[in-house]
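What you see is a predicted model, and the numbers here were worked out from it, not measured in a lab.
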Amino acid sequence: MLSFNGNKMITTSGGGALITNNEEEWREIMMYVTQYRESYPYYQHEKIGYNYRMSNICAGIGRGQMTVANDHIAHHKHVQQMYEELLAEVPGIHVHSQLKSNLNFDLR
């Protein structure tokens, strides 16, 4: 699950995304997020669903921010390293370490 709330490195002003490789789960999830509307020529809802779809505008904002994702990640890694170095000798202070990863978004 991904969060795109306003306090994240990549934001769409709110919302998120769910990733699954299970097609059956995906179909069920899509029914819930599209108000559980059945495939009839009229509106029929056999279960309670919700309108959780991201608008095209918000998705476009998120896509645009993906072009600078690597820069954002590099900046956050730099700030983390500064905290670790500057606070290393301060008694009683422990800086939570982030997992080291080589994330890189290739958007070609």
Could you tell me which non-hydrogen atom of Gly64 sits nearest to which non-hydrogen atom of Thr67, and how far apart they are? O-OG1, 2.6 Å

For Glu85, which residues count as a side-chain hydrogen bond (donor to acceptor under 3.5 Å, both in side chains) partner, sequence neighbours excluded? Gln81

Residues at least two apart in sequence or cross-chain that pass ring pair (Phe, Tyr, Trp, His ring centres under 6.0 Å) with Tyr32, listed by chain then number, are Tyr36

Mind checking side-chain hydrogen bond (donor to acceptor under 3.5 Å, both in side chains) for Glu23 and listing every partner two or more places apart, or none if nothing turns up? Arg27

Do Leu2 and Met9 belong to the same hydrophobic cluster, where Ile, Leu, Val, Met, Phe, Trp and Tyr are linked whenever their side-chain heavy atoms lie under 4.5 Å apart, directly or via other members? no

Do the side chains of Phe4 and Ile57 join up, straight or via other hydrophobic residues, at under 4.5 Å, putting them in one cluster? no

At their closest point, which heavy atom of Ile10 faces which heavy atom of Gly62, and how far apart are they? CG2-O, 4.1 Å

Sequence neighbours excluded, every pair satisfying side-chain hydrogen bond (donor to acceptor under 3.5 Å, both in side chains) that has a member inside residues 6-19: none

Residues in side-chain contact (heavy atoms from CB on, under 4.5 Å) contact with Leu87, at least two apart in sequence or another chain: Tyr83, Val90, Ile93, Val95

Just checking Asn22: does its CG atom have more than 12 heavy atoms from other residues, nucleotides or ligands closer to it than 6.0 angstrom? yes

Donor-acceptor contact present, side-chain Gln65 to main-chain Gly60, <3.5 Å: no

Looking at CD of Gln80 and NE2 of His75, how far apart are the two atoms once the value is rounded to the nearest 0.5 Å? 11.5 Å

Once side-chain hydrogen bond (donor to acceptor under 3.5 Å, both in side chains) is applied, do any residues pair with Glu25, and if so which ones, sequence neighbours excluded? Thr20

Between CD1 of Ile61 and CE of Met66, what distance do you get to the nearest 0.5 Å? 14.5 Å

